[in-house]
Amino acid sequence: MKLVPKLLSVLLLSQGALAFAKGNADTIFYGGPIITVNKTNEEVQALAVQNGKIVAVGTKDAVSKEWQASTTKVIDLQGQTLMPGFVEPHVHIMVTSVFEGLGLNLSNFTLPYDTLDTLSQKLKAGLKNVPSGGWLFGFGVDPSRTTPFMAELTADELDKVSKDVPIFIVNQSGHIAYVNHKAMELAGVTDKTPNPAGGGIYVKDAQGKLTGKLIEPPSYLPFMAKMPNPTEAELFGAIQGTLRKIASTGVTTASDMSVGGNFGVDKEIAIYRAIFAKNASPIRVRGYLFSEALPAGYSAIKPNEGDDQLRFIGIKYISDGSTQGLTAALNEPYSYPKGSSWSGALNYKDADIYASMKSYFDQGWQLSSHSNGDKAIDQALNSYSKLLAGNPKPQDRRLRIEHFTVNHEAQVKKAVKLGVVPSFTIGHVDYWGSAFSNHIIGPARAKRIDPAGDFKRAGGKFTLHSDTPVSNVGPLNYVSEEVTRLWQLPPQKVLGPTQAVTVDDAIRAITIDAAYQIFADNIVGSLEVGKQADLVVLEKNPRKTPPAEIRNIKVKETWIDGKKQGWQ
């Protein structure tokens with residue numbers, strides 16, 4: 001039978017790997033451990049790439065014999081390790097770009113902690129760079145990591161930095177901000193201004209006077225409206241800097257969980273599309289639209305619109321606040337201050353969040369709920385249970401809960417039954433574990449934060465993330481922390497040893513399981529024939545490295561579609 005070329009190509013493509021011309025690979029890797037993260041966690045000797053896809057994995061002799069040509073680039077790993085590119089399922093690319101790229105970065109993940117005096121010195125230094133008519137805008141103060149514990153900025157403290165320049169400083173959690181009196185004056189926020197909808201609070205003292213503390217992003221809006229916007233060139237530069245920084249950690253795919261949260265949904269989608277049209281991103285991006293930024297009846301973009309480079313797949317809700325900021329919604333009161341009756345608050349009424357979720361769920365969007373406290377987790381699980389009622393395959397919807405910080409074993413079992421995949425900010429253990437255990441929620445609740453062990457035992461999946469700018473992107477750091485569960489502050493202790501998992505489990509949480517969570521496991525997350533050649537080259541093999549030292553392994557290269565990315 002004679003086949004015309006077009007028909008022949010269709011038949012070949014329908015047969016998967018047979019669509020590739022054997023003996024003509026573009027690149028072959030060998031000479032170091034190649035961790036596939038397939039179902040059996042197999043390590044192989046060689047991997048071949050053609051036209052951006054993996055066409056062979058196996059022994060060096062077999063791969064070379066079948067795929068190597070005179071034009072094939074053969075790369076000797078020289079003992080280095082090849083793995084699937086890491087998948088970061090929860091970042092805030094636009095927010096990080098604005099906060100860290102354009103603002104004064106006050107984040108401190110090292111020891112010793114800051115004090116109000118050192119923060120004041122940093123703010124005064126930053127004041128020198130504020131142009132006439134500008135604002136001093138910063139990010140990263142953290143009372144739970146300040147000496148003395150829970151020392152907070154106030155309008156009066158910020159007035160000591162400047163009474164003339166408006167100051168707006170966002171807490172490390174992103175759920176709290178601090179302003180001086182000049183900023184309140186310009187924003188038109190007074191002692192009589194009502195709290196905004198969506199969980200926003202203008203905090204007042206016992207006399208009903210504004211303290212300068214703001215809770216939840218809706219309370220930021222009057223201030224952000226008065227702040228000068230960055231130029232397009234400044235914003236694009238900051239975003240590209242953030243994308244390169246993420247890629248440098250070995251990440252090849254990341255999910256922005258708050259598209260629209262800064263400049264509106266349509267504008268941020270347009271920014272992303274412009275970046276990818278210029279081939280200016282070193283990583284793939286999956287986008288979740290920020291629910292609070294969506295106008296009623298919004299339908300300008302459809303679920304899964306986009307391609308394998310940039311795709312918009314979900315709607316993100318913020319159900320409560322920050323555990324370390326004492327704003328997460330708990331079923332029992334916080335342990336700090338001693339004798340407190342405060343247990344945080346939900347940002348939505350049950351009926352309201354369910355109604356909103358249902359409208360997007362019915363359209364086909366994936367849903368994600370930021371739920372730090374057990375009360376917020378209950379709300380999310382109850383809403384999801386109603387949405388999935390009668391669905392014989394709830395796992396097909398892959399509904400998400402972000403953080404899942406303060407929790408109960410029954411919630412884990414319910415989540416697994418519903419096919420819910422949580423993503424843990426494992427930095428909660430590292431950077432805030434001592435504060436949670438010794439002060440904020442007490443040891444009994446603290447030992448259960450980020451319950452990877454329970455999800456593993458219950459047969460569920462989980463993923464690990466940074467929530468940048470809340471903590472720094474670093475998948476290898478997540479692996480170290482998830483396996484050791486050591487908190488940072490001396491004397492170091494293991495927080496909840498029963499929630500630790502193996503190195504292989506943690507690796508899956510930053511590769512194939514994270515890819516599954518964002519509906520990308522068909523193209524990335526493991527090194528298997530037919531998948532995109534998204535790869536990371538590591539200095540050492542994390543499976544052969546002491547767990548506490550995995551975080552120190554250097555990322556040497558990242559590859560996407562078989563092309564080395566120039567992020568360095």
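For the side-chain hydrogen bond (donor to acceptor under 3.5 Å, both in side chains) test with Ser368, the passing option among Lys316, Glu402, Gln517 is Glu402; the others fail. Of the residues Ile35, Val537, Ile34, Leu535, the one that meets the side-chain contact (heavy atoms from CB on, under 4.5 Å) test with Met83 is Ile35.
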Residues Arg284, Asp561; criterion salt bridge (charged side-chain N to carboxylate O under 4.0 Å, His left out); working and verdict: CA-CA 10 Å; Arg284 304 180 196 274; Asp561 290 335; 2.6 Å; yes
Derivation of the side chain to side chain contact (heavy atoms under 4.5 Å, CB included) call for Val285 and Phe276: CA-CA 10 Å; Val285 172; Phe276 278 85; 3.7 Å; yes
Salt bridge (charged side-chain N to carboxylate O under 4.0 Å, His left out) evaluation trace for Lys556 with Glu539: CA-CA 6 Å; Lys556 308 298 286 188; Glu539 174 191 34; 5.8 Å; no
Stepwise salt bridge (charged side-chain N to carboxylate O under 4.0 Å, His left out) test for Lys245 and Glu100: CA-CA 11 Å; Lys245 184 177 179 181; Glu100 295 186 356; 3.5 Å; yes
Derivation and outcome, side chain to side chain contact (heavy atoms under 4.5 Å, CB included), residues Gln324 and Tyr431: CA-CA 10 Å; Gln324 60 267 31; Tyr431 306 119; over 6 Å; no
Steps toward salt bridge (charged side-chain N to carboxylate O under 4.0 Å, His left out) verdict (Asp430, Arg551): CA-CA 12 Å; Asp430 190 356; Arg551 69 183 70 201; 3.4 Å; yes
Side chain to side chain contact (heavy atoms under 4.5 Å, CB included) between Phe137 and Val170, intermediate numbers included: CA-CA 8 Å; Phe137 168 63; Val170 180; 4.3 Å; yes
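Distance check, rounded to the nearest 0.5 Å: NE2 of His370 to CD1 of Ile377 gives 10.0 Å. Distance check, rounded to the nearest 0.5 Å: CD1 of Ile75 to CZ of Phe29 gives 4.0 Å. Interatomic distance, CG of Asp308 versus CD1 of Ile523, reported as 4.0 Å (0.5 Å rounding). Put simply, CD on Gln492 and CG on Leu486 are 5.0 Å apart, with the number rounded to the nearest 0.5 Å. Between the CG atom in Leu289 and the CD1 atom in Ile269 there is a gap of 5.0 Å [rounded to 0.5 Å]. Lys456 NZ to Lys461 NZ: the interatomic distance, rounded to the nearest 0.5 Å, is 9.0 Å.
When the side-chain contact (heavy atoms from CB on, under 4.5 Å) test is applied to Gln45, the partners found at least two apart in sequence or on another chain are Thr59, Lys60. Listed by chain and residue number, Phe99 satisfy the ring-ring contact (aromatic ring centres under 6.0 Å, His included) test with Phe139 (two or more places apart in sequence, or in another chain). Listed by chain and number, the residues in a ring-ring contact (aromatic ring centres under 6.0 Å, His included) with Phe290 amount to none (sequence neighbours excluded).
By the 4.5 Å heavy-atom criterion applied to side chains, Val429 and Phe424 are not counted as neighbours. Side-chain contact between Val555 and Leu538: present, with at least one pair of heavy atoms (C-beta onward) separated by less than 4.5 Å. Contact check for Phe263 versus Val98: side-chain heavy atoms found under the 4.5 Å cut-off. You'll find the side chain of Val95 reaches within 4.5 Å of the side chain of Pro469, heavy atoms only. Put simply, the side chain of Trp365 reaches to within 4.5 Å of the side chain of Ile301, judged on heavy atoms. Put simply, the side chain of Pro475 does not reach to within 4.5 Å of the side chain of Val536, judged on heavy atoms.
Checked by atom type and distance alone, the side chain of Arg311 pairs as donor or acceptor with a backbone atom of Asn304 at under 3.5 Å. When atom types are taken as modelled, the side chain of Thr252 and the backbone of Asp534 share no donor-acceptor pair closer than 3.5 angstrom. Arg508 contributes a side-chain N or O that, together with a main-chain N or O of Asn38, makes up a donor-acceptor pair within less than 3.5 Å. Looking only at distances, no side-chain donor or acceptor of Asp454 sits under 3.5 Å from a matching main-chain atom of Glu409. Panel note: side chain Arg145, backbone Asn108; a donor-acceptor pair is recorded below 3.5 Å. Panel note: side chain Thr484, backbone Ser480; a donor-acceptor pair is recorded below 3.5 Å. Between the side chain of Arg485 and the backbone N or O of Lys493, no donor-acceptor pair lies under 3.5 Å. In this structure, Arg448 contributes its side chain and Asn407 its backbone to a donor-acceptor pair below 3.5 Å. Between the Arg543 side chain and the Val503 main chain, no donor and acceptor come within less than 3.5 Å of each other. Remark: the backbone N or O of Ile426 is not paired with any side-chain donor or acceptor of Glu482 at under 3.5 angstrom.
The two residues Ile507 and Thr511 have their closest heavy-atom pair at O-OG1, 2.7 Å. Nearest heavy-atom pair, Ile239 versus Met94, reported as atom, atom and distance to 0.1 Å: CD1-SD, 3.3 Å. Minimum interatomic distance between Ser107 and Phe109 (heavy atoms only, all atoms of both residues): CB-CE1, 3.9 Å. For the residue pair Ala500 and Val483, the shortest heavy atom distance occurs at CB-O, 3.5 Å. For Ile510 against Tyr478, the heavy-atom pair with the smallest separation is CG2-CD1, 4.0 Å. Taking each heavy atom of Thr558 and Gly250 in turn, the nearest pair found is CG2-CA, 3.5 Å.
Under the 4.0 Å criterion applied to side-chain N and carboxylate O atoms, Lys302 and Glu305 are not assigned as salt-bridge partners.
The cationic group of Arg398 lies under 6.0 Å from the six-membered ring centre of Phe519 and within 45° of the ring axis, placing it in a cation-pi geometry. In this structure, Arg400 satisfies the cation-pi test against Tyr288, with its NZ or CZ atom closer than 6.0 Å to the six-membered ring centre and inside 45 degrees of the ring normal.
Between His465 and His90, the ring-plane angle classifies as parallel under the 30° and 60° cut-offs. The aromatic rings of Phe436 and His428 sit perpendicular, their planes meeting at an angle over 60°, well past the 30° parallel limit.
Separation of the Phe404 and Phe455 ring centroids falls under the 6.0 Å cut-off.
In this structure, a donor-acceptor pair under 3.5 Å is present between the side chains of Glu88 and Ser466. Side-chain contact, Thr96 with Thr468: a donor N or O sits under 3.5 Å from an acceptor N or O. Residues Tyr272 and Asp256 have side chains that bring a donor and an acceptor to within less than 3.5 angstrom of each other. Side-chain atoms of Ser434 and Asn438 include no donor-acceptor pair closer than 3.5 Å. Thr81 and Asn541 share no donor-acceptor pair across their side chains, judged by distance under 3.5 Å alone. No side-chain donor-acceptor contact under 3.5 Å links Gln309 and Asn279. Of the N and O atoms on the side chains of Asp504 and Thr502, not one donor lies less than 3.5 Å from an acceptor on the other residue.
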